[in-house]
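Values reported hereafter were calculated over all heavy atoms of this structure, with side chains retained and with hydrogens, waters and symmetry mates removed. Every number for a ligand or one of its atoms is a count from 1 in the order of the listing. Just so we're clear, the structure is a prediction, and the values are computed from it rather than from any experiment.
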Amino acid sequence: EKGGYEHFMLKEIFEQPEALKSAIAGRIKNGKPIISEIKELEEFIKKDLKKIFIVACGTSYHAGLAFKYFMNRYSKIDVDIEVASEFRYMNPHVNENTLVIAISQSGETIDTLEGIRIAKEKGSKVVTISNVFGSTIPRESHGAIYMNTGPEIGVAATKTYTAQIAILYALGAKIIEITEGLTEEIEKILSDIEKMPEIYEEVLKNAEKVKELSREYVNYQHMMYIGRGFGYPTALEGALKLKEISYIHAAGYQAGELKHGPIALLDEQFPVFAIIPKDSLYEKMKSNLMESRARNANIIAITTEGNDEIKELTNEYLFVPEAEEALYPLVIAPIIQLFSYYVAVLRKLDPDKPRNLAKSVTVE
Ligand code: M6R
């Protein structure tokens, strides 16, 4: 059932071209969003929607964060996001003009479930993105969008993370179409998502190279992931993947925050993993890399194909194909997943069953 792969996690990483294809099938066509699951909410979105609130945990939260950056760039709608365990105990500012988007692979995460119950009591509409048909959170929502990626067995979320981002962008585009009207820029992003399965085939060809590089990082005790803008959710997700399955302490930061504390940690024992595609924040990221290097930190970076100056700035680097800024979270995800997978395996750990963790968190 592992299809010849050593672990489910590796199989699921390699399934991403197919998983993404089925996640967007019938949802994006020729650059246009089609989300039939929210048909009944279209009136609400058109007339009443004033704010979107995203509620999720862990990796699903990181997908939500990428979506927040997407909506911030391409729409005027107010978007807020909170991890579900905070959302449910705060006084969330949601009401009958709010669309709550819950993201949950399992559809059973207790905090997310309690979060949407509160939102419904306050009169909000709820749409859930989930991978498990008939699970509780989508059943209790006004709209349910199933990811259709096939079951994910590994505790680490991989193919469902990228499917979530693709679906969220399509959903966001649909909301924008209803409220403000689609633009060519957004249509271009959606048609690039349609090409993502082929792009993934290319990205996944780097697996051997990632394995080689990961050897250099097996014996560290810490790792700092940094990114800016759309690179920030990727930094958080990279750090979560690494700590979850390799038990190396890792944290993700907005690179601009380095100077406000975290840079004090850096030295030759504390490497930096930089998410530095050639996007609008490249020069800013480059300064952060140079500052990190000045502290003798080992640097591994993911950047855009053809960015040859990266060689001078880093110890190790990997290229990904050029993409629209908003799509780098999708393009880079398989690399950070493979990196943590190989580090875990080289540390002789079972990435499918990390200690202390369950696939579905049904208790607080
Ligand atoms: O099923 P959910 O998407 O609600 O789960 C949320 C988190 O528990 C989950 O993403 C967790 O962080 C993963 N194990 C990360 O790989």
Problem set entry | Closest candidate by heavy atom, reference atom 3 (O) of ligand 1, pool Pro354, Ser60, Ser340, Gly58 | Ser60

For this session: Considering heavy atoms of the protein only, find what lies nearest to atom 4 (O) of ligand 1 and give residue, atom and distance to 0.1 Å.
Result: Thr109 OG1, 2.5 Å

Seminar exercise, completed: Per-atom filter on ligand 1: closer than 4.0 angstrom to a heavy atom of Ala156 are 16 (O)

Problem set entry | Protein contact of atom 14 (N) of ligand 1 - nearest heavy atom, named by residue and atom, plus distance | Glu244 OE2, 2.5 Å

Exercise. Do any nitrogen or oxygen atoms of Gln164 lie less than 3.5 angstrom from nitrogen or oxygen atoms of ligand 1?
Worked result: no

For this session: Spell out, as yes or no, whether a donor-acceptor pair under 3.5 Å connects the side chain of Thr303 to the backbone of Ile276.
Result: yes

Exercise. Taking 4.0 angstrom as the limit, do Glu324 and Lys188 come out as a salt bridge?
Worked result: yes

For this session: Look only at interatomic distance and state if Lys359 has a nitrogen or oxygen under 3.5 Å from any nitrogen or oxygen of ligand 1.
Result: no

Problem set entry | Proximity to ligand 1 by part of Thr59, non-hydrogen separation under 4.0 Å | both

Exercise. Just checking, is any N or O donor in the side chain of Glu108 or Ser135 under 3.5 Å from an acceptor N or O on the other one?
Worked result: no

Exercise. Under 4.0 Å between a Lys/Arg side-chain N and an Asp/Glu carboxylate O for Glu237 and Lys241?
Worked result: yes

Problem set entry | Side-chain donor-acceptor contact under 3.5 Å, Thr158 with Gln337 | no

Exercise. When only distance counts, is Val155 in polar contact with ligand 1, meaning an N/O pair under 3.5 Å?
Worked result: yes

Exercise. Is Lys21 salt-bridged to Glu194, cutoff N-O under 4.0 Å?
Worked result: no

Exercise. So which protein heavy atom does atom 7 (C) of ligand 1 come closest to, and at what separation?
Worked result: Cys57 O, 3.7 Å

For this session: Among all protein heavy atoms, pick the one closest to atom 8 (O) of ligand 1 and tell me residue, atom and distance.
Result: Val361 CG2, 4.0 Å

Exercise. Would you say Lys241 contacts ligand 1, with heavy atoms under 4.0 Å as the rule?
Worked result: yes

Problem set entry | ligand 1 to Ala157 polar contact by distance, N or O atoms, under 3.5 Å | yes

For this session: Would you check if there is a donor-acceptor pair between the side chains of Asn131 and Thr149 at a distance under 3.5 Å?
Result: yes

Problem set entry | Sidechain N-carboxylate O distance under 4.0 Å for Lys286, Glu309 | yes

